[in-house]
Amino acid sequence: MADPFVSIAARLAPAFAAVAGNACDPVVRPSDRADAQANGALALAKALGSTPRDVAQRVLDAAGDVSDVLASTEIAGPGFINLVFTNEYLATQVAIAMADERLGVRASTDPHTVVIDYSAPNVAKEMHVGHLRSTVIGDALVRVLSFVGHTVIKENHIGDWGTPFGMLIEHLIDLGEENAAHELGVGDLDGFYKQARAKFEASDEFKTRARQRVVLLQGGDADTLRMWRTLVQESTRYFNKVYSQLDVLLTDDDLMGESAYNDLLAPVVDRLDAAGILVESDGAEVVFADGFTNRDNEPLPLIIRKGDGGYNYATSDLACVIDRVERLGARSLLYVVGAPQAQHLQMVEAVARQAGWLPEGYIMNHVAFGSVLGADRKILKSRAGETVKLTALLDESIERAEAAVAEKNPSMSTEERTAVANMIGIGAVKYSDLSSDRVKDYLFDWDRMLSFEGNTAPYLQYAHARICSIFRRASVDRVSVRGVTPQLVEQQERNLALRILRFDAAVWEMIDTLSPHKLCTYLFDLASDFTSFYEHCPVLKAESDTIRDSRLALADATARVMEQGLQLLGIRAPEQM
RNA sequence: GCUCACGUAGCUCAGCGGAUAGAGCACUUGCCUCCGGAGCAAGGGGUCGCAGGUUCAAUUCCUGCCGUGGGCGCCA
């Protein structure tokens, strides 16, 4: 257990239990006036018919000698127990954490299979900032859940099926398959989709062809399927270019489009019927989930099969639940999907539970996120009023980063500058998306996200690069100081050591709340504590070799935690910038 | 109308039922014989949307209102 708060809570728990007469939480929290404070005594006082300060004293008496861990335990205010760790304890814990491959982060005590549904762009449609959020947040969750030992299955539920494909295929035929494939291949997905859409709306003849084509597609017509595959392949090739630029983990192996569930749709209907919850309503087959009403306060159905016999998204979402639980063996299903779909997903979950497809203890969690807003506080649009293309946005970020690097580090070679600009530009976009509470809308601001000041990726990357530079300058191999247990004398050394040890807690907070911004906040605090340390404690000019090695060990530990933390967010940490 | 989010410094955002609500930017003031100043230290700036309630203790939990945004039967 690397987090000293967890350790001390475990240490005090028996003492609290002895005083309370049953198990109770010591409520260890960060404190302004000590390393930590235990607040558990205040809640106990009333039940014990005593004062909080008296309870606190009894707890401390019951705890016995804790001097191996704590330098002081002081009862303060109404009954807080202020806790100060010994320097030796913190130093030893840092050494232990640094000898661990996960840098002190606890492994999951309950590893299981988690399916994460994220990204989900549509075939023959441009990726936009909504996909950016889903992709970046989902990718971070994949990394962090894998890190603590879960088996994570990535599922990219691309929109590759449904009625729009009638018009898309007819448009493909009109353009000539070669031309169309080329257009899609170079990434002009939006143009393609819009042209098809325009024809569909303008021409009855085209509309009729498109509808007939949908029938052919669903009927499995070989020629139609071949053209459909062209659309899908050219689109996924384009998605892969974006994923590669974005530096996320998704590959073709993770593709699990709507079309993949075709054969599972009829069984969904059958099984709902067998469960006795399928109802006919206005010609459609639906399930009424408890607690959902429409605008007239009538029960709101989840439509399983439309009046025309076709299926829709609720059906395939239910098929997904079955597939993920029964075939993939997942116990936890995460959906990184925009907040507007909250009710839909709640209904799917409610029906899945009613049908018995999500047993007790199985989790279906909507990892909801808000919209990306422009400077006008409205959903981000380009100057022309259209959705912003993801590739254009990423290109611009890299360009801006490159300009900044060129200005601030002119001596860097062109090759290196290109590589570093990529890490900074992409890191900045991802971090700005990850660093605030995902459920809120967030304001897209180039200048802020690419700034080297404040809670930004470049600031964190800079802190890391600076540490690498210290070792370069001193010609010291970082590995060589890894066995050193640091000496914590100065306040800044102590603060930094304690922060390093809190990495464990930060990672677990991100996992428990599925909120990457918890880890971001931690890394920003780590960088702040480091710069403060570096300002006050000479490293290479330390007064003795012992102190120098101790400080180098702290610097190395900081850089390792920073790099690992950024890696869990899907962000690179260049060694110079 | 019903329903789900959100509302914290001028701006962008943290904040776990606990002590005096924090950070970054911007603003003011220090620190350049400095290891990467892309920095550090300090200062000003708040009726935590409003009103009740629960609690020893509420920015945090509950209820109502106000404001903003979203969702509400065959699109996904």
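First the proteins, then the strands, lettered A, B, ... as listed; each starts at 1.
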Nucleotide-resolved protein contact map, nucleotides 14-22 of chain B, B/S/- at heavy-atom distance under 4.0 Å = SSB-BBB--

query = How does protein contact run along nucleotides 63-76 of chain B, one letter per nucleotide 5' to 3', with B for base contact, S for sugar-phosphate only, - for none, heavy atoms under 4.0 Å?
reply = -------SSBBBSB

Nearest-Å distance, [atom1] ([X]) to [atom2] ([N])?
X: A:Glu453; N: B:A38; atom1: CD; atom2: C1'; result: 7 Å
X: A:Tyr462; N: B:A38; atom1: OH; atom2: C1'; result: 5 Å
X: A:Glu535; N: B:G36; atom1: CD; atom2: C1'; result: 12 Å
X: A:Tyr534; N: B:G36; atom1: OH; atom2: C1'; result: 7 Å
X: A:Asn455; N: B:C11; atom1: CG; atom2: C1'; result: 15 Å

request  = Answer with base, sugar-phosphate or nothing: what part of the nucleic acid does A:Cys520 contact at a heavy-atom distance below 4.0 Å?
outcome  = nothing

ask   = Between the side chains of A:His344 and A:Asp317, does any donor sit under 3.5 Å from an acceptor?
value =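 A donor-acceptor contact under 3.5 Å links the two side chains.
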
message = Stacking between B:A38 and A:Phe452, yes or no? Criterion: centroid separation under 5.5 angstrom, plane angle under 30 degrees.
response = no

message = Please enumerate all residues that pass side chain to side chain contact (heavy atoms under 4.5 Å, CB included) together with A:Asp447, with sequence neighbours excluded.
response = A:Arg400, A:Asp445

key: Counterpart residues, side chain to side chain contact (heavy atoms under 4.5 Å, CB included), relative to A:Ser432 (two or more places apart)   =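 With sequence neighbours excluded, A:Ser432 shows a side chain to side chain contact (heavy atoms under 4.5 Å, CB included) to A:Tyr442, A:Met449, given in chain and number order.
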
Got a list of side-chain donor-acceptor pairs under 3.5 Å for residues 546-556 of chain A, not counting sequence neighbours?
residue, atom, partner, partner atom, Å
A:Ser550, OG, A:Gln487, N, 2.8
A:Ser550, OG, A:Gln487, O, 3.4
A:Arg551, NE, A:Glu493, OE2, 2.9
A:Arg551, NH1, A:Pro538, O, 2.7
A:Asp556, OD1, A:Arg478, NE, 2.7
A:Asp556, OD1, A:Arg478, NH2, 3.1
A:Asp556, OD1, A:Arg482, NE, 3.4
A:Asp556, OD1, A:Arg482, NH2, 3.0
A:Asp556, OD2, A:Arg482, NE, 2.8

A:Ser469 (side chain) and B:G36 (base): donor-acceptor pair under 3.5 Å = yes

inquiry  = Suppose the criterion is ring-ring contact (aromatic ring centres under 6.0 Å, His included): which pairs have a residue in residues 532-559 of chain A, not counting sequence neighbours?
reply    = A:Phe530-A:Phe533, A:Phe530-A:Tyr534

inquiry  = With nearest nucleotide decided by heavy atoms, which residue, A:Gly454 or A:Tyr442, maps closer to the 5′ end of RNA chain B?
reply    =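 This one resolves to A:Tyr442.
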
inquiry  = Reading RNA chain B from 5' onward, which residue's closest nucleotide shows up sooner: A:Ile470 or A:Val439?
reply    = A:Val439

task = Go through A:Val337 and A:Val367 one step at a time and tell me if the side chain to side chain contact (heavy atoms under 4.5 Å, CB included) criterion holds.
result = CA-CA 6 Å; A:Val337 174; A:Val367 184; over 6 Å; no

query = Pick one for B:G73: is it syn, with its angle within 90° of 0, or anti?
reply = syn

Residue pairs passing the salt bridge (charged side-chain N to carboxylate O under 4.0 Å, His left out) test where at least one lies in residues 291-302 of chain A, sequence neighbours excluded = none

message = Quick test of your reading: applying salt bridge (charged side-chain N to carboxylate O under 4.0 Å, His left out), list the pairs with at least one residue in residues 462-472 of chain A, sequence neighbours left out, ordered by first then second residue.
response =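 Matches after skipping sequence neighbours: none remain.
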
task = Please state whether the phosphate of B:G24, meaning OP1 or OP2, lies under 4.0 angstrom from any side-chain nitrogen or oxygen of A:Thr456.
result =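 A:Thr456 to B:G24 OP1/OP2: no side-chain N or O under 4.0 Å.
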
Review item, side-chain donor-acceptor pairs of residues 155-162 of chain A, under 3.5 Å, at least two apart:
residue, atom, partner, partner atom, Å
A:Glu155, OE1, A:Tyr261, OH, 3.1
A:Glu155, OE1, A:Arg324, NE, 2.9
A:Glu155, OE1, A:Arg324, NH2, 3.1
A:Asn156, OD1, A:Ala120, N, 2.8
A:Asn156, ND2, A:Tyr243, OH, 3.0
A:His157, ND1, A:Met256, O, 3.2
A:Asp160, OD1, A:Glu258, N, 3.0
A:Asp160, OD1, A:Ser259, N, 2.8
A:Asp160, OD1, A:Ser259, OG, 3.4
A:Asp160, OD2, A:Ser259, OG, 2.7
A:Trp161, NE1, A:Asn262, OD1, 3.4

Pairing pattern in dot-bracket form [Watson-Crick, G-U; both distances under 3.5 Å; | = partner strand] for RNA chain B = (((((((..((((....[...)))).(((((.......))))).....(((((..]....))))))))))))....

task = Could you pull out all residues at least two apart from A:Tyr522 that satisfy side chain to side chain donor-acceptor pair (under 3.5 Å)?
result = none

task = Could you tell me which residues satisfy side chain to side chain donor-acceptor pair (under 3.5 Å) with A:Arg29, sequence neighbours excluded, listed by chain and number?
result =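 Side chain to side chain donor-acceptor pair (under 3.5 Å) list for A:Arg29, sorted by chain: empty.
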
